[in-house]
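Take a look at the structure set out below.
Whatever order the structure lists them in is the order used to number ligands and atoms, beginning at 1.
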Amino acid sequence: MIESIRILGVRVDNITMDEALAWVGAMVTTGTPHQIATVNPEFIIRAGRDAAFAAVLQGADLAIPDGQGLLWAARWLKRPLRERVAGSDMVTLLARESARQGYRIFLLGAAPGVADTAAERLRERYPGVNIVGTHPGSPRPEDDAQACELIRRARPHILLVAYGAPAQDLWIARNQPLLCVPVAIGVGGSLDFIAGVQKRAPAWMRRNGLEWLYRLIRQPSRWRRMLALPLFVWRVLTVRNHRGGAK
Ligand code: UDP
């Protein structure tokens with residue numbers, strides 16, 4: 001049984017990376033469909049004004065604490081989370097597990113060519129990794145059928161969907177029940193990082209909760225969506241003052 005907490009009404013599971021990897025392994029053997037959401041402060045702010053996205057997060061089988069901001073908020077709300085489980089780290093660790101255990105992985109999304117390059121990089125890094133298909137597709141519902149057909153034929157155990165939130169999470173919720181892929185995960189810009197199209201923040205910035213700053217400097221066009229961060233901080237600070245706990 002996984003313990004969870006709520007941050008501004010959104011469920012976040014108090015799980016470690018090792019536990020999350022073990023959970024994926026267990027779900028792969030069940031063969032029934034499961035969805036993982038990689039929750040960060042932007043997700044939480046978005047869910048507050050997007051009921052469909054909030055419902056998808058609520059319905060996810062695992063909501064991992066991606067984003068240092070969640071750890072800070074959880075500490076402030078006196079329900080600390082044990083560790084950050086970054087979706088991007090999880091993708092590379094799943095590739096490693098795939099090489100060890102034979103998990104079949106399908107990469108959906110990112111700009112044309114990016115998933116192929118990411119697959120090449122993962123094959124160099126983890127010889128034997130079992131990537132059974134890639135497809136850029138699009139998050140538009142009219143493109144679902146084509147993507148689903150390709151995925152069904154490839155029969156992956158793990159489907160990584162890189163359309164950014166909330167599109168990727170809505171895509172999974174919409175299509176996963178019919179696909180019967182045991183584990184589907186929305187992975188945001190992870191394939192861009194692996195392919196080298198975007199650089200990930202250096203380790204010291206990640207450790208100090210500054211990944212958002214690095215992304216803002218490298219991709220200034222993100223400023224508008226990143227206004228979610230100060231709003232998140234403000235809401236967390238005031239929810240505790242007003243209501244005295246993790247609501
Ligand atoms: N993307 C896509 N199709 C779209 C919109 C986005 O393939 O219509 C991809 C984009 O190329 C990138 C990923 O989705 O690889 C989202 O990256 P972003 O950095 O926005 O996601 P975040 O990590 O912030 O959720």
*Going by an N to O cut-off under 4.0 Å, is there a salt bridge joining Glu3 and Arg82?*
no

*Looking only at non-hydrogen atoms, which of Arg222, Gln219, Gln168, Gln198 approaches atom 18 (P) of ligand 1 most closely?*
Arg222

*Considering only NZ, NE, NH1 and NH2 on the basic side and carboxylate oxygens on the acidic side, decide whether Arg84 and Glu211 come within less than 4.0 Å.*
yes

*Identity and separation of the nearest protein heavy atom to atom 3 (N) of ligand 1*: Tyr163 CD2, 3.6 Å

*Before signing off on this row, confirm whether Arg215 and ligand 1 have an N or O atom pair separated by under 3.5 Å.*
yes

*How far is atom 13 (C) of ligand 1 from its nearest protein heavy atom, and which residue and atom name does that atom have?*
Gly188 O, 3.5 Å

*Give the C-alpha distance, both sets of side-chain angles, the deciding distance and a yes or no for side-chain contact (heavy atoms from CB on, under 4.5 Å) between Ile64 and Val39.*
CA-CA 6 Å; Ile64 63 171; Val39 182; over 6 Å; no

_Below the 3.5 angstrom mark, is there an N/O of Val187, backbone or side chain, next to an N/O of ligand 1?_
no

*So, is Gly109 polar-close to ligand 1, with some N/O to N/O distance under 3.5 Å?*
no

*Spacing of Thr38 atom OG1 and Leu57 atom CG [to the nearest 0.5 Å]*: 9.5 Å

*List every atom of ligand 1 that sits less than 4.0 Å from any heavy atom of Ala165, numbering the atoms from 1 in the order shown and giving each element.*
25 (O)

*List every atom of ligand 1 that sits less than 4.0 Å from any heavy atom of Asp192, numbering the atoms from 1 in the order shown and giving each element.*
12 (C), 15 (O)

*What are the atoms of ligand 1, with element, lying closer than 4.0 Å to any heavy atom of Ala111?*
11 (O)

